[in-house]
Amino acid sequence: MIMYHEIAEISLRVNGENRRLWVRAADTLLAVLRNHMGLTGGKAACENGDCGACTVLLEDRPVKACLILAVEVEGMDILTIEGLKQTEIQRAFLENGGFQCGYCTPGFILNAYALLKAHPEADDETDKEWLQSNICRCTGYEGIKRSLKAARKMMAEGSE
Amino acid sequence: MISFNFKYIRPSTVEEAVSSYIQLSRVYKRVLYYSGGTEILSFARNHAIEADVIIDIKAIPECRRLQHHQNRIIYGAALTLNEIIEENTLPLLTSVFKGIADHTLRNRITLGGNICSKLIYREAVLPLMLTEAEIRIAGENGVRREKFNSIFDKSLRIEKGELLVDVSIDKSFEGAGFCSIRKVNRGEVDYPILHLEMLKRKGLKAAFSGVLNFPFRSDAIDAVLNDNVDIDEMIEKIMHLIPGKIKQDQWATWHYRQMLLKKAIRSAYTHLEVR
């Protein structure tokens, strides 16, 4: 049985690196990523699980970091936007107007990255189901959908 | 940010979880079982829930299993909704769970967490009501098995410190016809202003969420559904059997909800009768 008091030393594996940190047991993963590790790509927006701006990948699945405790995910693989480099989805967002103000972009990119990995040939229904987890207040949804399709095409061409 | 502190415990067996709860409850006032955490953390941020200790049940193998055992399928309370959806063991469960929250949140929301939710919707209970599900509950005196419908009345009626371990459903429900009608105020991801699940197996059965301040089913309503009366008469009879006052809130007036409810019953009934 694992027990942490109000303040605990934990080990997190973020973007392939292990870090030992002192955190409050009540600290969310989002707070630890931003305030303890300086990884500010994930945004603290609604902090209520509604907007998806804080999305990170936990063991390859998208999750909302504002609704997870850091102590819960000790030893698990966490990927933030800072750990994503030179991927098709990032290039596709740049080339297809996938963002406007950019605030929601890290969350959308990570969610789309996980989607492409889990379902490289997903249909429109699956794309919609996954992307509904994120909100873009600039309403740039068409550009985001276009970017997802473009990334899927790049990946398909790359694997041929 | 959660502005108060708590201790965090992650037991690896059901017995450890229950004994920790009992022992810590003698010292601390507010001890909570914790599964997906989405509701607890969102409530904690607003001080709608406070805790001194939380007991995370996700490392307990019994709470994490999805297993076929004889003629039943067992779903651990700490399985996420997406884990159950991806296995697609029962189409009714898959259909209902896909309507709850959004895809990313369903990677954290668990079956047990939704059943024990403080929110009024608790949509995960609808298929359990219709499939004569059984649940296992662990407490100070060991683990006991109960019929879900005998222990769920507006909410799950378990004692303080008891833990929902798993849910099991007879495999024969796999082929049962069903109809899901879920209405939200706007968009697709939202709490329902009406959610009707109707199942056809040895007659029709219905379960509802979003209509009252709790999810419900009723033997009397099921009897009317199977009464072979004129459909308009049947719907009027059902309206008189709704066990409470239809909700009115900022998302829908009670008139609107009632109208949706009548239409939903008609559509589901027609759909399943034709089948």
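FYI, side chains are in, hydrogens and waters are out, and symmetry mates aren't considered; it's all heavy atoms of this structure. So you know, we letter chains A, B, ... as the sequences are listed, proteins then strands, and number each from 1. Keep in mind that what you see is a predicted model, and the values were worked out from it rather than measured.
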Look up atom [atom1] in [X] and atom [atom2] in [Y], then write down how far apart they are to the nearest 0.5 Å.
X: B:I55; Y: A:M1; atom1: CD1; atom2: CE; answer: 8.0 Å
X: A:N48; Y: B:N46; atom1: CG; atom2: CG; answer: 6.5 Å
X: A:C46; Y: B:R45; atom1: SG; atom2: CZ; answer: 7.0 Å
X: B:S42; Y: A:E47; atom1: OG; atom2: CD; answer: 11.0 Å
X: A:H5; Y: B:N5; atom1: NE2; atom2: CG; answer: 12.5 Å

Are there residues of residues 95-105 of chain B whose heavy atoms fall under 4.5 Å of chain A's heavy atoms? If so, which?
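Result: B:K98, B:D102, B:H103, B:T104, B:L105.
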Could you please state which residues from residues 182-193 of chain B sit under 4.5 angstrom from chain A, measuring non-hydrogen atom to non-hydrogen atom, sorted by number, or 'none'?
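When heavy atoms of chain A are the reference, residues 182-193 of chain B contributes B:E188, B:V189 within the under-4.5 Å range.
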So which of B:V53, B:I9, B:T38 has the biggest tally of heavy-atom pairs under 4.5 Å with chain A?
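Highest number of pairs under 4.5 Å: B:I9.
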Any chance [atom1] of [X] has more than 12 other-residue heavy atoms, nucleotides or ligands included, within less than 6.0 Å?
X: B:E174; atom1: CD; result: no
X: B:F214; atom1: CZ; result: yes
X: B:R65; atom1: CZ; result: yes
X: A:E17; atom1: CD; result: no
X: A:Q86; atom1: CD; result: no

Can you tell which part of A:L131 gets under 4.5 Å to a heavy atom of chain B, answering side chain, backbone, both or neither?
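Neither part; nothing is under 4.5 Å.
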For A:L58, is it the side chain, the backbone, both or neither that has a heavy atom under 4.5 Å from a heavy atom of chain B?
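Looking at A:L58, just its side chain touches chain B.
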With a 4.0 Å cut-off on N to O distance, would you call A:E59 and B:R108 a salt bridge?
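No, no charged N to carboxylate O under 4.0 Å.
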Salt-bridge test for A:E129 and B:R106: reply yes if a basic N is under 4.0 Å from a carboxylate O, no otherwise.
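Result for this pair is yes, salt bridge flagged.
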Any donor-acceptor pair under 3.5 Å linking the side-chain atoms of A:E72 with those of B:Y8?
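No.
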Between chain B and each of A:I68, A:N111, A:D27, A:D50, count heavy-atom pairs under 4.5 Å; write down the option with the most.
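Heavy-atom pairs under 4.5 Å are most numerous for A:I68.
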Contact summary for B:I2 and A:L69, nearest pair of heavy atoms:
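Heavy atoms of B:I2 and A:L69 come nearest at CD1-CD2, 4.5 Å.
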Considering all heavy atoms of both residues, which atom of A:L67 and which atom of B:L41 are nearest to each other, and what is their separation?
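Here A:L67 and B:L41 meet closest at C-CD1, 3.3 Å.
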Below 4.5 Å from any heavy atom of chain A, which atoms of B:S3 appear? Answer side chain, backbone, both or neither.
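Only the backbone of B:S3 comes within 4.5 Å of chain A.
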Identify which part of B:Y34 has an atom lying under 4.5 Å from any heavy atom of chain A, answering side chain, backbone, both or neither.
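Side chain only.
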Pair A:R61-B:E86, salt bridge (charged side-chain N to carboxylate O under 4.0 Å, His left out): steps then yes or no:
CA-CA 13 Å; A:R61 284 180 181 265; B:E86 285 158 16; 2.7 Å; yes
Pair B:K7-A:E6, salt bridge (charged side-chain N to carboxylate O under 4.0 Å, His left out): steps then yes or no
CA-CA 5 Å; B:K7 291 184 198 306; A:E6 284 83 352; 3.6 Å; yes
